[in-house]
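Below: the structure, in structure tokens.
Atom set for the values below is all heavy atoms of this structure, side chains included, hydrogens, waters and symmetry mates excluded. Lettering follows sequence order; numbering is per chain, from 1. This one's a predicted model, so the numbers in the text were calculated from it and none came from an experiment.
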Amino acid sequence: MEDERTAVLDPGPTKVIGPGHDFESVTTEISGVVFRPFLKTPPQLFIGFACAFVLVNVFLVAVVWLFAKGVGVWGIRIPIAWGFAIINFVWWIGIGHAGTLISAILLLLKQDWRTSINRFSEAMTLFAVACAGMFPILHLGRPWLAYWLLPYPNTMWLWPQPRSPLIWDVFAVSTYASVSFLFWFTGLIPDFATMRDGAGKRWSQRIFGILAMGWRGSAKHWARYQKAYLLLAGLSTPLVVSVHSVVSFDFSIAILPGWHTTIFPPYFVAGAIYSGFAMVLTLAIPVRRWYHLEDLITMRHIECMAKVMLGTGLIVAYGYGMEAFMSWYSGNQFERFMYWNRAWGGHYWWVYWLLISCNILIPQALWSRRVRMNVLAVFLLSLVVNTGMWLERFVIVVTSLERDFMPSAWGRYYPTVWDIATFAGTIGVFLSLMFLFIRGLPAISMFEMREVVHEEASHAHGD
Amino acid sequence: MNPRNYWRSFEELDQSEEFRQFAADEFVHRIPAEADAASRRKFLRLMGASMALAGATACTKQPKETIVPYVRQPEEIVPGNPLFYATTVTEAGLGTGLLVESHEGRPTKIEGNPDHPASLGATSPQMQASVLNLYDPDRSQTVLHDGIFDTWERFTAAFSGARDLAGLKKGEGLRILTGTVTSPTLAAQLAEFLEMFPQAKWHQWDPCGRHSDYAGSVAAFGAPWNTIYHFERAARIASFDADFLDPASPGGLRSTRDYTGRRRDAAQDPSSEFPRLYIAESTPSITGGMAEHRFRMRSREVESFADKLMSGNGDPYASIMKDLNAHRGESIVIAGEYQIPRVHALAHAMNQALGNTGKTVVYTDRVEANPMDQTASLAALAADMRAGAVETLLILGGNPVYDAPADLDFVGALQQVKLRAHLGLYANETAEWCHWHLPEAHYLESWSDARAWDGTASIVQPLIAPIYNGKTSHELLNLLLNRTDLSAHDTVRGFWQTQNKGADFEDFWQISLHDGVVAGTTFPDKTPPAANVPPASAAQQTAGIEIVFRPDPAVGSGADSNNGWLQELPKPPNKMTWENAVWISQATAQRLAIDTGDVVELALNGRKLQGAVWVQAGQADESAAIHFGYGRKRAGRVANGIGFNAYSVRDSKALWHGAGAEVKRISRGYSFATTQYTQNMEERDPFRVATIEEFRARPGFAQPEGEGVPPPNLTMFPMWQYPKHKWGMSIDLTACTGCNACMVACQAENNIAVVGKEEVAKGRHMNWIRVDRYFSGPASEPEMYFQPVPCMHCEDALCELVCPVAATVHSGEGLNEMVYNRCVGTRYCSNNCPYKVRRFNFLLYSDWNTQSLWGVRNPDVTVRSRGVMEKCSYCIQRINAAKIKAEEQNRPVRDGEIVTACQQACPAEAIVFGDLNDPNSKVARRKRQQRDYGLLEELNTHPRTTYLARLRNPNPEIGGA
Amino acid sequence: MPEFFPRFFSCLGVPRSLHSSYDPAGGLAGSSMKVPDPRVCIAVHDLFFRLTETIERQPHPHFESASRMQIFHRSANSLARVSIVAATFALTGVLWAAYRIDQGAFITDVGVAKDQPVPFSHKHHVSDDGIDCRYCHTSVETSAFAGLPPTETCMTCHSQIWSNAAILEPVRDSYRTGESLAWTRIHDLPDFVYFNHSIHVNKGIGCSTCHGRVDQMPLTYKVNTLYMQWCIECHRNPESYVRPRDQVFNMAYQAPSDQAQLGRHLVAEYNIQSLTDCVTCHR
């Protein structure tokens with residue numbers, strides 16, 4: 001079978017699916033990943049999961065220590081009262097953007113190349129948002145009281161304070177998480193049915209059977225399904241924009257120079273999509289290779305995503321430019337100092353330039369088609385962009401806080417080992433979930449691929 | 001034991017089993033009745049963690065709590081209402097009157113006694129912190145015999161024997177070593193003792209006493225005189241290294257009040273002349289910070305400065321002398337303790353020449369009971385001991401083994417003594433070398449008396465019975481006088497009975513206790529003979545670096561070292577905490593190619609010590625300042641093993657500065673914990689200053705011109721009106737000297753936790769009011785400015801906007817409330833606070849385990865838990881108390897009825913708090929002054945705390961001012 | 001896909017047929033394919049028929065021929081439906097229970113008499129002997145703390161009467177040894193709540209308003225939760241609770257019918273402010 005797979009070659013940048021595919025072969029190839037006997041799982045997957053799982057345990061240790069001692073185990077201090085926790089939160093939320101964007105917006109824009117990567121990126125979104133969602137709670141001084149941020153009737157006759165962006169966050173993120181989940185799950189139902197029917201063992205039949213919720217593929221089911229899917233797409237489209245706008249309010253509402261900026265919402269959203277696509281590539285490229293899915297995730301997909309990265313990257317670059325310009329144009333002493341401090345005078349000036357190179361300079365390579373067509377290059381670039389986007393949040397959070405209004409209160413931020421452990425830990429959580437997903441569920445939408453096959457076929461007939 | 005972990009749980013404090021054993025033992029079984037009583041009254045809310053947490057998580061069942069009433073309730077006590085008692089604290093023998101707040105027999109807060117001349121209601125940081133030493137778990141708690149627990153009875157038995165033995169030889173070989181004694185009662189007892197044992201000797205030693213002051217007056221007048229300066233009458237002041245604004249210096253609180261009072265008045269009305277201060281000093285002091293003209297020089301060069309000034313030739317001496325002459329009779333020339341006697345003599349002579357004597361400078365008898373050259377006295381004792389002439393030595397207080405000049409080799413000598421007994425608050429280094437150690441009663445546990453720097457006597461009365469059965473010097477002398485049954489109270493009372501025989505003694509006694517001042521005991525002024533100036537001392541060797549010795553700005557001579565509040569108090573010039581350092585100037589640092597954080601070895605007269613270098617702006621070149629009070633070995637778990645012991649290179653022949661030291665680097669990369677990293681104002685103007693001329697020319701200078709500053713009510717919404725009260729605060733930067741008294745007062749009043757060096761280094765210190773220090777002008781000759789920064793209580797508070805759970809909100813009276821029990825700890829408020837005055841409990845900083853420390857807590861303020869934000873509340877507990885009192889009496893709150901802790905402690909009266917709705921309130925009147933400005937007003941936060949800009953009055957004839 | 005939508009939705013024109021094609025018996029039954037009603041648009045029929053057929057006609061090696069067997073019993077249908085409803089009810093139930101427990105005596109101790117060193121009866125001392133509250137709670141008018149009587153106070157009477165009653169032994173013992181009696185707190189606020197008796201009493205809030213008819217309690221218990229909402233209720237509209245000052249210690253006091261009007265009057269007369277600032281109680 002392996003040979004047969006390797007025989008199927010990447011059809012190149014024009015096609016979204018390899019030649020010679022019919023409904024069966026698509027279904028088999030995708031479900032095969034799941035139905036493969038446990039020991040036939042590609043070794044890379046085992047190794048990858050092992051590493052990720054180690055990090056999960058690091059995460060657990062870090063969190064236990066955190067809860068035992070308090071947030072003081074981190075490097076935060078006055079005046080830098082927010083550190084890694086918030087940086088990671090924003091970073092993960094940003095990564096969580098690609099899923100919905102690909103699924104919803106590209107669906108409405110009828111981009112057929114989304115098909116083979118949407119399921120995948122939706123799952124990524126879910127796990128990223130899960131990681132992101134942990135941080136706002138972890139970073140509380142008294143995390144056991146996190147529920148006070150929810151409006152619920154209580155014996156104190158108190159409600160949350162609606163003017164605080166953190167309250168908006170609670171709603172924005174939870175809404176985004178739930179809608180993303182629905183979207184992902186709805187998309188899975190027909191495939192669950194297929195899996196159910198394909199499953200050999202009784203227990204897996206039952207599990208997939210329950211998940212399939214009685215899907216029989218009747219015309220009525222398809223009707224309902226398409227309607228629901230379309231509605232969800234419409235529902236989550238504004239979310240793509242809203243979530244990160246709200247997250248950006250956490251900063252832009254504050255008076256701090258470097259935070260108090262009206263350009264934040266659009267440029268945060270762009271940045272989010274930027275990092276989101278980067279992460280999809282980071283994950284898709286290895287999987288594609290390990291499972292020999294080159295004919296389903298084709299160069300076409302990779303190039304399209306590379307183009308999206310290039311585009312959003314340019315928007316982000318514009319954002320940086322505007323920040324610099326406005327700080328000068330405002331004529332405000334504090335704003336000007338902020339930028340000088342960020343780029344030249346401050347402790348972390350080098351981080352700023354690192355970020356500029358990661359997010360602006362290096363990705364310009366994507367203009368060249370040869371780079372876009374080079375899988376390895378694109379993979380490395382996606383890593384660079386992910387790093388850059390994390391650094392961006394670091395620069396925004398830390399350098400702005402280190403030196404604000406009162407010189408006497410200035411300080412310097414040093415992350416501790418626990419900061420790093422917590423961050424690395426969430427990466428572990430994310431990857432483990434991702435590996436489990438790839439192994440346990442159809443990582444590519446089978447029925448949609450069948451549609452694609454159908455399209456191809458009808459095209460062939462048509463002309 | 002690691003001092004940095006101070007005030008966390010015992011587990012963290014010290015892992016050693018025996019220590020925990022000891023602790024448990026001490027606090028449970030061995031606990032004396034009074035401490036028991038304190039811990040008994042649990043309705044005082046001494047119960048910490050469980051309760052707070054229980055309430056914090058809304059629907060948790062409250063744990064069982066018991067109410068334990070008195071068996072027989074003292075009638076003056078109304079449970080829940082504090083009482084105030086007048087008493088006296090002594091520093092280097094000199095008394096300062098206090099009013100101490102007591103909650104059901106638990107002294108919790110020190111305030112100054114407004115009726116006492118040395119205080120006038122103000123207190124120094126050390127006084128504020130002294131209440132913490134009372135409850136210090138490291139205090140000496142039992143009699144020790146050769147380091148083993150023993151009993152008072154066994155000691156009396158043993159010591160009576162020695163006494164009787166000495167008695168046979170008329171007391172030969174019997175010696176007593178005390179600190180400076182001003183207590184009339186103790187003096188009488190000692191006199192009686194010397195009568196009974198004519199061969200016995202009484203020695204005195206105070207490491208930071210008034211040595212040069214004594215010697216100086218002897219040099220000038222041939223006999224000891226006591227000098228008192230009236231700064232309120234002085235328009236021109238020339239200081240020879242005199243740090244007279246240091247609240248710990250003799251009469252320092254009073255000098256600060258008088259001097260700053262005149263500055264405030266002069267800023268108000270143009271008719272009165274604004275005082276001008278010249279100072280020549282080697283290391284930056286807060287007095288130097290207030291000076292119009294600061295002449296930076298090595299300590300030993302001050303003598304020639306004084307000589308040149310007296311001659312009045314050359315620049316700038318001519319112009320200074322001209323200035324002083326223009327103000328004959330209303331100028332002061334003052335020499336500092338840190339100068340040699342001859343400089344003092346010069347100062348006395350100049351004051352006489354300027355006709356200041358009797359006007360701004362008055363003389364009285366010495367206030368010490370037996371003034372003597374203490375250095376000589378200690379040297380004599382050491383010599384005798386080494387000669388084996390001393391059989392029995394009784395050390396009353398003090399710690400000579402730690403703080404005696406190194407050349408005396410006190411420890412070596414001490415070991416020649418057959419019987420050595422030490423009375424002390426701590427079983428310190430000296431106790432270690434004594435056969436017997438006796439726990440001393442804290443002054444809040446003692447009956448005694450003392451004289452102030454002007455001779456005014458006042459009674460020391462206890463607020464609580466000795467927690468650890470400590471004894472006073474009086475009781476020990478009674479033992480020597482074979483009156484073991486006579487209590488300290490009876491001794492003191494008995495002495496004063498001899499002073500006024502008469503039927504009305506009872507009234508006199510009660511009034512003296514109540515007022516905290518014994519009426520009519522202030523020494524009368526006397527006119528001294530013409531001062532003669534001894535010939536200039538032989539030219540000293542000037543090679544090498546000069547070492548300048550100073551008591552530490554926070555922990556002083558080292559007696560108070562084991563005190564977290566003082567350890568964490570930033571030293572004014574560099575905001576360093578938790579240790580001392582070798583201060584050197586930039587130029588010297590460059591010459592020696594060393595930098596801050598380098599560890600150097602100081603070699604002075606063959607003695608060496610190692611310390612980390614701090615490059616200090618304003619420090620004299622080729623001069624290194626080191627501070628006492630550190631390098632303790634047996635101070636307690638707070639102070640043990642931090643910093644270095646400066647006494648170890650101190651020489652009895654050059655007490656305050658020694659020449660010819662070598663400095664060489666040993667290693668690099670030592671890190672300090674300072675509370676402020678930025679030295680200057682970064683082209684911003686948080687601190688606004690102008691000369692008196694500029695001010696007269698443009699009174700509104702503090703208000704930035706037009707552009708950038710929004711009009712006070714630039715908002716889309718109607719400004720909130722505050723119908724009832726409108727609390728506000730005004731801080732006068734012209735008066736503030738930066739002495740830090742406000743910081744400790746706030747810490748004591750508001751149960752603010754101590755966090756330790758590591759946490760301070762991480763910028764996690766908890767003080768609600770910080771004193772910012774800015775340098776301006778050239779790095780070598782900077783001006784030093786201090787600015788206290790509490791919460792501004794902005795009317796449009798940015799912190800309130802961003803708190804998701806409404807844990808910080810605005811009250812109807814304009815207070816920016818911080819509700820700990822609602823706080824979940826997002827820290828967003830701190831990020832959004834442009835003043836960064838919010839403090840966060842990153843870890844569990846409050847000590848909920850050390851039972852003895854529960855006693856010092858203010859029951860009216862919540863003890864904060866881990867993970868909550870906290871900040872200045874304008875002392876809301878005091879506001880509420882006053883409002884309730886007023887409501888019950890059906891009257892409005894009077895102006896001045898509410899006094900915040902910082903305001904109360906401030907010796908400069910720089911801080912004023914009150915109701916802005918009352919146009920006649922002190923604070924409203926202050927805010928109407930043209931010097932009034934708010935920090936970062938351009939952010940439109942409408943701060944309720946505003947500042948009065950600093951005014952200076954430099955001499956136009958002198959450049960570089 | 002692009003032109004797939006129109007084609008698909010065009011088939012939605014004839015709903016009735018779809019209904020008729022629905023067969024509850026099918027339920028979760030395997031993949032037994034229901035061929036859509038022929039009147040449904042041919043394209044859809046064609047597409048979906050092929051989609052599913054392909055899988056079934058040529059099973060993949062992996063695919064055991066599990067296809068047609070029933071995986072679930074048909075009761076699974078109703079189970080699924082019921083479980084949805086059940087879940088909703090369960091959730092509501094849990095929330096309700098939580099609320100009850102929070103309000104219940106276990107948490108609040110309302111109506112729970114705790115055991116004390118001496119079974120002291122307010123009923124006896126107040127109702128029968130007619131002792132005034134302030135005889136024992138001396139500082140209630142002057143201090144935040146109402147005050148608990150020192151043993152002395154008890155002994156003023158009990159050295160004469162019941163001087164050797166067994167239940168009073170702890171009192172005599174305390175008097176003898178000087179060891180205080182340790183009473184269990186009934187009205188127990190968290191440490192971060194600062195309540196002041198004197199101001200409330202002086203502003204005409206009666207003892208019984210918060211403490212209930214203590215004069216009728218053989219053993220003392222609390223009648224109110226002392227929850228913040230309970231405090232706030234009165235702090236927001238004191239006029240409905242305030243009473244004339246001379247009635248403060250009257251345990252039997254009943255609010256008059258014109259309380260609304262009287263309240264407004266007293267609030268004005270006593271200058272009572274509705275203090276709801278956090279720092280009124282928290283500091």
Side-chain angles (χ1 to χ4, degrees), chain B residues 33 37 40-43 45 47-48 51-56 58-73 78-81 724 806-813 815 817-822 860-865 873 875-877 879-881 883-885 887-888 890, chain C residues 98-99 101-103 106-109 114 117 136 138-139 141-153 155 174-175 177-186 188-194 196-199 201-203 226-228 270-273 275-283:
Chain B
R40 224 193 286 132
R41 309 197 195 93
K42 290 225 178 59
F43 61 76
R45 307 178 176 289
M47 291 192 62
M51 298 301 298
L53 287 173
C59 58
T60 319
K61 192 175 169 64
Q62 291 263 17
K64 180 182 174 205
E65 194 180 352
T66 54
I67 315 181
V68 190
Y70 291 89
V71 175
R72 296 174 183 75
Q73 183 166 330
V78 177
N81 294 355
K724 280 179 281 174
T808 182
V809 288
H810 224 63
S811 89
E813 299 169 356
L815 295 175
E817 311 169 326
M818 183 66 225
V819 190
Y820 315 119
N821 44 304
R822 177 64 174 172
D860 298 328
V861 177
T862 309
V863 177
R864 276 82 62 190
S865 163
S873 67
C875 285
I876 182 65
Q877 65 278 11
I879 298 175
N880 282 357
K883 274 168 62 188
I884 287 175
K885 189 143 147 270
E887 287 279 336
E888 288 174 6
N890 238 323
Chain C
Y99 174 76
I101 293 169
D102 201 14
Q103 298 290 325
F106 173 72
I107 297 289
T108 62
D109 281 336
K114 303 185 177 171
C136 298
T138 48
S139 53
E141 286 171 302
T142 53
S143 161
F145 181 61
L148 232 67
T151 317
E152 252 177 345
T153 313
M155 291 305 282
S174 151
Y175 196 62
T177 60
E179 256 320 304
S180 297
L181 290 161
W183 302 93
T184 308
R185 209 178 239 286
I186 304 291
D188 182 8
L189 292 169
D191 275 12
F192 49 74
V193 180
Y194 289 86
N196 185 303
H197 272 96
S198 61
I199 190 66
V201 169
N202 279 286
K203 293 278 182 176
L226 307 193
Y227 277 160
M228 182 165 157
Y270 299 161
N271 173 34
I272 296 174
Q273 309 141 6
L275 289 178
T276 50
D277 289 336
C278 306
V279 289
T280 310
C281 311
H282 303 300
R283 57 202 196 214

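In this structure, the portion of Lys203(C) lying under 4.5 Å from any heavy atom of chain B is its side chain and not its backbone. In this structure, the portion of Lys724(B) lying under 4.5 Å from any heavy atom of chain C is its side chain and not its backbone. Contacts of Asn202(C) with chain B are made by side-chain atoms alone, with heavy-atom separations under 4.5 Å and no backbone atom involved. For Ile101(C), no part sits under 4.5 Å from any heavy atom of chain B, backbone or side chain. With a 4.5 angstrom heavy-atom cutoff, Gln273(C) touches chain B only via side-chain atoms. With a threshold of 4.5 angstrom between heavy atoms, Ser811(B) approaches chain C through its backbone and through its side chain. Both the backbone and the side chain of Asn271(C) have a heavy atom closer than 4.5 Å to some heavy atom of chain B. In this structure, no portion of Thr276(C) lies under 4.5 Å from any heavy atom of chain B.
For the pair Val809(B)/Cys278(C), a side-chain contact is recorded, criterion being any heavy-atom separation below 4.5 Å from C-beta on. In this structure the side chain of Tyr194(C) reaches within 4.5 angstrom of the side chain of Thr862(B), judged on heavy atoms. By the 4.5 Å heavy-atom criterion applied to side chains, Glu888(B) and Ile199(C) are counted as neighbours.
Atom CD of Glu817(B) sits about 7.0 Å away from atom OG1 of Thr280(C), to the nearest 0.5 Å. Once rounded to the nearest 0.5 Å, the distance linking CG of Asn196(C) with NZ of Lys883(B) reads 12.0 Å. Atom OG of residue Ser198(C) and atom CD of residue Glu887(B) lie 11.0 Å apart, to the nearest 0.5 angstrom. The distance from the SG atom of Cys281(C) to the CG atom of Asn880(B) is 9.0 Å, given to the nearest 0.5 Å.
Cation-pi check for Arg72(B) over Tyr175(C) is met; the charged atom lies under 6.0 angstrom from the ring centroid and within 45 degrees of its normal.
A side-chain donor-acceptor contact under 3.5 Å links Asn81(B) to the backbone of Thr142(C). No donor-acceptor pair under 3.5 Å is formed between the side chain of Ser139(C) and the backbone N or O of Val78(B).
Heavy-atom minimum distance, Pro79(B) versus Ser143(C): O-OG, 2.6 Å. Minimum heavy-atom separation, Gly178(C) to Val71(B): O-CG2, 3.3 Å. In plain terms, the two heavy atoms of Glu813(B) and Asp277(C) that are nearest each other are N-OD2, 4.4 Å.
Just one of Val819(B), Val861(B), Asp860(B) meets the side-chain contact (heavy atoms from CB on, under 4.5 Å) condition when paired with Arg283(C); it is Asp860(B).
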Cut-off 3.5 Å, no hydrogens considered: what does the side-chain donor-acceptor table look like for residues 144-152 of chain C, sequence neighbours left out?
| from | atom 1 | to | atom 2 | distance (Å) |
| --- | --- | --- | --- | --- |
| Thr151(C) | OG1 | Ser174(C) | OG | 2.8 |

